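Input: a single structure, listed below in structure tokens.
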Amino acid sequence: MVKLYGKPSSTCTRFVGLVCKEKNIPYELIPVDLAKGEHKDPAFLVNQPFGQVPYIDDDEFILYESRAIGRYLSKKYPNQGTALIPTDPKAEALFEQAASIEAFNFTAFVGLIVAEKVFKPRSGLQPNEERVDELLASLLPKLDAYDLILSKQKYLAGDSVTLADLAHLPYGTMFCGVGYAEVFESRPNLARWWKDISNRPAWLAVKDSA
């Protein structure tokens, strides 16, 4: 069984849990207490030298970085559960294109907004609202591009859901939760896509905790 080491509520840990649920892969969650600094313990750093969560132990194969883990699990079990990475070269190229869109045109901005609006207050710090406004101003035209893409196809890489779509869920859900749902809802094709992916049973199973 896959062992998933991470904070149950962390975005990246939940993403790996989501992939496991979509692929029907049993996993054991090994909680890592970040407040106690367990991610900086020497024993943890042996397997994750950057001291971040999550990492997996799959029959003594150690892997970290949630996107890499998602790809690995999707490719190891291609015919189990939901097919999340296409095998046709052109379809896979479109998936990789969509994965780049998520990383550099969505999470690069939404993740930083969430850091300001969610993670800073949790640590007793005030968000930098000027920085949030700058990030939001950069994000909105990119979401217009999403709306255009999704006016022509059901998902970002075509008409089948892929890992690239699912990767939006952890940060996107937190983004909506701090008052930005209208940003999605005001763009009809984006709103339709978001409603689709955010109501998938696999995500609902890990939405609050992996």
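Just so we're clear, the structure is a prediction, and the values are computed from it rather than from any experiment.
- The neighbour count for D59 CG, taken as heavy atoms of other residues, nucleotides or ligands under 6.0 Å away, does not exceed 12.
- When the ring pair (Phe, Tyr, Trp, His ring centres under 6.0 Å) test is applied to Y180, the partners found at least two apart in sequence or on another chain are F175.
- Annotation: side chain to side chain donor-acceptor pair (under 3.5 Å) contacts of W193 (sequence neighbours excluded): D165.
- For residues 96-124, the set of pairs meeting the side chain to side chain donor-acceptor pair (under 3.5 Å) definition, not counting sequence neighbours, comprises R67-E102, R71-E96, E102-T107, N105-K142, E116-K120, K117-E129.
- Pairs of residues two or more places apart, or lying in two chains, that qualify as side chain to side chain donor-acceptor pair (under 3.5 Å) and include a residue from residues 4-22 are S10-T13, T11-Y171, E22-T82, E22-R200.
- As a member of the Ile/Leu/Val/Met/Phe/Trp/Tyr network built from side-chain separations under 4.5 Å, L94 groups with nothing else and remains a singleton.
- With sequence neighbours excluded, the residues that form a ring pair (Phe, Tyr, Trp, His ring centres under 6.0 Å) with Y72 are F61.
- Within the structure, every pair that satisfies the ring pair (Phe, Tyr, Trp, His ring centres under 6.0 Å) test and touches residues 20-45, not counting sequence neighbours, is listed here: F44-Y55.
- By the ring pair (Phe, Tyr, Trp, His ring centres under 6.0 Å) test, F109 is found to be paired with no residue, residues two or more places apart in sequence or in another chain being considered.
- With sequence neighbours excluded, the residues forming a side chain to side chain donor-acceptor pair (under 3.5 Å) with E92 are K75, listed by chain and number.
- In terms of the salt bridge (Lys or Arg N to Asp or Glu O under 4.0 Å) criterion, residue partners of D58 (sequence neighbours excluded) are, by chain and number, K76.
- Under the rule for a side chain to side chain donor-acceptor pair (under 3.5 Å), D133 has no partner lying at least two apart in sequence or in another chain.
- Scanning for side chain to side chain donor-acceptor pair (under 3.5 Å) contacts around Y155 gives D196, with sequence neighbours left out.
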